[in-house]
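Okay, structure first, notes after.
Computed from a prediction, not measured in an experiment: that's the story for all the values here. The figures that follow rest on heavy atoms only: side chains count, while hydrogens, waters and symmetry mates do not. Residue numbers start from 1 in every chain, and the chains themselves are labelled A, B, ... in the order their sequence lines are given, proteins ahead of strands.
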Amino acid sequence: METNKNEAITSRDIDFAKWYTDVCRKAELMDYSSVKGFIIYRPYGYAIWEQIQNYLNGRFKAIGVQNVYMPLVIPESLFNKEKEHVEGFAPETLIATIGGKSKIDDPLIIRPTSEVLFCEHYARIISSHRDLPKLYNQWCSVVRWEKTTRPFLRGSEFLWQEGHTIFATEQEARQNALDVLDIYDDLGSELLAIPFVKGLKTDKERFAGARETYSIEALMHDGKALQSGTTHYFGTGFAEVFGITYQGKDNVLRNPHQASWGVSTRLIGSIIMVHGDDNGLVLPPFVAPTQVIIIPIQQSKEGILTEAESIKARLEKAGFRVSLDDSDRTPGWKYAEYEMKGVPLRLEIGPRDLEKGQVVIARRVNGKKVFVANENIENEVNHLLNETHDEMYRKAKEFLKTHIIEVKTLEELKKVVDEGGYAKMMWCGERGCEDKIKEMTAATARCMPHGDHNHFDNKCAVCGKKADKIVYFAKAY
RNA sequence: CGGGACGUAGCACAGCUUGGUAGUGCGCUUGGUUCGGGACCAAGAGGUCGAGGGUUCGAAUCCCUUCGUUCCGACCA
């Protein structure tokens with residue numbers, strides 16, 4: 001049990017980066033295409049994304065969000081309207097210049113993000129306070145011409161949702177950014193079993209064109225942080241540039257306030273690197289496309305397959321995602337295969353079980369097996385899925401907790417981020433200190449966390465001046 | 001965008017130094033025996049050697065170009 005049964009996967013501690021790409025491919029989450037940075041989301045990987053979509057659509061709709069779909073392309077002239085935004089994205093756009101056989105005078109940018117499309121549309125449909133608020137979201141892919149790419153973590157094209165909301169007041173727009181940040185945090189605790197650090201980005205790390213950027217940050221097993229989602233409060237900057245105005249009850253014309261927010265298929269990368277082990281993927285139960293894999297033993301024997309099928313039907317009826325592998329592979333092969341794919345529960349049914357009126361259920365997360373009487377299967381599956389989720393979340397949270405370390409000097413900070421984890425630092429707020437840390441340690445400010453108000457010092461760890469901000473620094477993907 | 005490594009059957013690789021019939025293991029197909037931790041036997045199928053150009057009687061092998069993958073940096077979800 002303790003040996004690595006699959007030689008094909010590189011051990012996590014020997015080469016984490018290689019382990020990661022091995023898992024991506026061996027678990028059949030993705031495949032490479034012939035264009036750099038554009039990957040194929042295979043059915044199993046895409047199904048994980050669909051679970052995330054289902055969860056978020058439910059939560060979004062509960063706060064009044066409507067799904068829409070915007071065009072794939074943005075005329076360059078339109079894109080260029082907001083200066084700061086353009087400067088943030090210009091180096092990484094893919095641009096179409098030929099249509100049919102003729103040159104396009106105003107080249108079309110393949111969207112790297114859709115702020116300007118939403119703004120242009122909002123300008124047309126908003127004129128009165130009665131038209132506000134609007135809470136739009138779209139599920140789509142975006143293209144960014146990245147220099148180096150890795151499956152799910154950084155792609156030239158990736159799938160995401162982008163919410164673009166617009167309100168009469170600053171307070172509502174900022175609150176929307178914070179509300180969705182909480183939804184993302186819940187996504188972590190309820191679906192992905194990932195404890196995020198959430199908080200406000202420093203000015204240096206803020207999104208191009210935003211007034212405030214918030215993020216959820218996950219800590220990978222190798223101690224590097226992964227920004228897993230962001231929300232932004234935009235103020236009226238875009239509205240001014242794009243001429244979005246509304247007339248208030250007092251007859252005065254004003255610019256509305258905007259927010260935007262998004263998570264991407266990068267979340268799949270988070271799941272892999274937070275929970276995976278040397279035998280492959282370990283999927284949190286509620287995001288797993290298959291929660292229970294049924295493996296019949298000696299399936300050619302009388303009664304085994306019919307029993308397996310009846311258990312499958314019972315579990316499906318009880319609302320679980322379950323599949324039965326009745327292929328002619330050996331059981332041992334199937335065990336290894338579904339471990340690699342991270343299926344949370346494996347249900348074995350063989351001649352001995354049939355005789356005793358029981359099944360065997362094994363947990364992916366810890367390898368433990370239990371015998372379950374036939375009549376208790378639904379209850380036990382339900383119990384084990386919940387227990388698995390809790391255990392995975394608890395483990396990840398414990399890892400996070402032990403990897404947030406208070407530092408009072410640059411040297412201490414360097415040591416912490418080199419070993420992996422967050423260095424928690426008091427900061428004066430000066431950009432110069434942040435730049436210096438980046439230069440000396442390659443770590444960046446991840447965020448100023450909500451919910452950590454423990455001021456353990458009053459001096460900036462870099463310059464020694466008065467400091468009242470708590471910042472987490474880490475090396476990041 | 002800089003530096004390194006690598007592209008040969010679905011996968012992992014050998015062959016290249018010293019040019020001369022395209023190989024090995026796993027996987028795949030068919031049949032049979034198996035089945036509680038990646039089974040076994042037998043018979044098969046599968047490759048324009050990443051692409052383009054050059055040298056040569058002859059190129060997987062030598063030269064040039066290019067595309068892709070990957071790792072390490074700089075930049076970003």
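- A:S264 comes within 4.0 angstrom of a base, heavy atoms only.
- Cation-pi contact between A:R174 and A:Y233: present, with separation from the ring centre below 6.0 Å and deviation from the ring axis of at most 45°.
- Remark: the separation of the C1' atoms in B:G46 and B:G23 is 14 Å, to the nearest Å.
- Counting any heavy atom pair closer than 4.0 Å across all strands shown, A:G88 reaches no nucleic acid atom.
- A gap of 28 Å separates the P atoms of B:C71 and B:C63, to the nearest Å.
- Using a 4.0 Å heavy-atom criterion, one finds that A:I295 contacts no nucleic acid atom at all.
- Atom-to-atom distance recorded for A:E375:CD and A:E380:CD is 11.5 Å, nearest 0.5 angstrom.
- A:F371 comes within 4.0 angstrom of nothing in the nucleic acid, heavy atoms only.
- At B:G10, none of the side-chain N or O atoms of A:R25 fall inside 4.0 Å of OP1 or OP2 (strictly under the cut-off).
- Nucleotides B:U70 and B:C64 place their P atoms 26 Å apart, quoted to the nearest Å.
- Nucleic acid contact class of A:K36 (heavy atoms, under 4.0 Å, all strands): sugar-phosphate only.
- Look at B:G10: its Watson-Crick or wobble partner, with both distances under 3.5 angstrom, is B:C26.
- When the P atom is compared between B:C6 and B:A45, the two are found 34 Å apart, to the nearest whole Å.
- Mapping A:A442 and A:I349 onto RNA chain B via the closest heavy atom, the residue that lands nearer the 5' end is A:I349.
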(message) Under the criterion salt bridge (Lys or Arg N to Asp or Glu O under 4.0 Å), I'd like the reasoning laid out for A:K415 against A:E411: C-alpha separation, chi angles, the key distance, then a yes or no.
(response) CA-CA 6 Å; A:K415 185 159 177 285; A:E411 290 69 39; over 6 Å; no

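- Contact annotation for A:T149: backbone-only contact, meaning every heavy-atom pair under 4.0 Å involves sugar-phosphate atoms and none involves a base.
- In the interface, the side chain of A:R346 is not paired with the base of B:G36 through any donor and acceptor atom under 3.5 Å apart.
- Heavy-atom distances to RNA chain B give each of A:K204 and A:K301 a nearest nucleotide, and the one nearer the 5′ end belongs to A:K301.
- In this structure, A:P151 reaches the sugar-phosphate backbone alone: every heavy-atom distance under 4.0 Å involves primed, P, OP1 or OP2 atoms, never a base.
- With hydrogens and angles left out, the side chain of A:Q298 and the base of B:G36 share no donor-acceptor pair within 3.5 Å.
- Between B:G19 and B:C26, the two C1' atoms lie 31 Å apart (nearest whole Å).
- Under 4.0 angstrom from either OP1 or OP2 of B:C71 there lies at least one side-chain N or O belonging to A:R150.
- If you check every strand for non-hydrogen atoms under 4.0 Å, A:V263 touches nothing.
- Between the side chains of A:R321 and A:Q51, at least one donor N or O sits under 3.5 Å from an acceptor N or O.
- Dashed line: the shortest gap from a side-chain N or O of A:K26 to OP1 or OP2 of B:G27 is not under 4.0 Å.
- For B:C35, its base sits under 3.5 Å from the side chain of A:S300 at one donor and acceptor pair at least.
- Heavy atoms of A:G350 sit under 4.0 angstrom from at least one base atom.
- For the residue pair A:S228 / A:E217, no side-chain donor-acceptor distance below 3.5 Å is found, with atom types taken as modelled.
- In the model, A:Q299 has no side-chain atom that pairs as donor or acceptor with a side-chain atom of A:D326 under 3.5 Å.
- Within the 4.0 angstrom heavy-atom criterion, no nucleotide atom of any strand lies near A:G269.
- Spacing of P atoms, B:A60 relative to B:U17, comes out at 12 Å, to the nearest Å.
- Across all strands shown, A:T265 has no heavy atoms under 4.0 Å from either base or sugar-phosphate atoms.
- Using a 30° and 60° split on the angle between ring planes, A:F79 and A:H85 fall in the tilted class, from 30° to 60°.
- Taking the six-membered ring where tryptophan is involved, the planes of A:F238 and A:F242 are essentially parallel, since the angle between them stays under 30° and well short of 60°.
- Contacts between residues 320-330 of chain A and RNA chain B, counted as heavy-atom distances below 4.0 Å, involve A:R329, A:T330.
- For the P atoms, the distance linking B:U48 with B:A39 amounts to 32 Å, nearest Å.
- Pairing for B:A39 is with B:U33, a Watson-Crick or G-U wobble pair whose two hydrogen-bonding atom distances lie under 3.5 Å.
- Side chains of A:R59 and A:Y55: a donor-acceptor N/O pair is present below 3.5 angstrom, by distance only.
- If you check B:A51 for Watson-Crick or wobble pairing at under 3.5 angstrom, you find it paired to B:U65.
- Across every strand in view, B:U17 sits unpaired, with no contact that passes the Watson-Crick or G-U test at under 3.5 angstrom.
- Among the atoms of the strands shown, base atoms are found under 4.0 Å from some heavy atom of A:E348.
- Summarising the base pairing, B:U56 is matched to no nucleotide, lacking a Watson-Crick or G-U wobble pair whose two defining distances lie under 3.5 Å.
- Nucleotides B:C49 and B:A9, compared at atom P, are 10 Å apart to the nearest Å.
- No contact: A:P296 has no heavy atom under 4.0 Å from any strand.
- A:S189 and A:Y393 are not linked by any side-chain donor-acceptor pair at a separation below 3.5 angstrom, with hydrogens and angles left out of the test.
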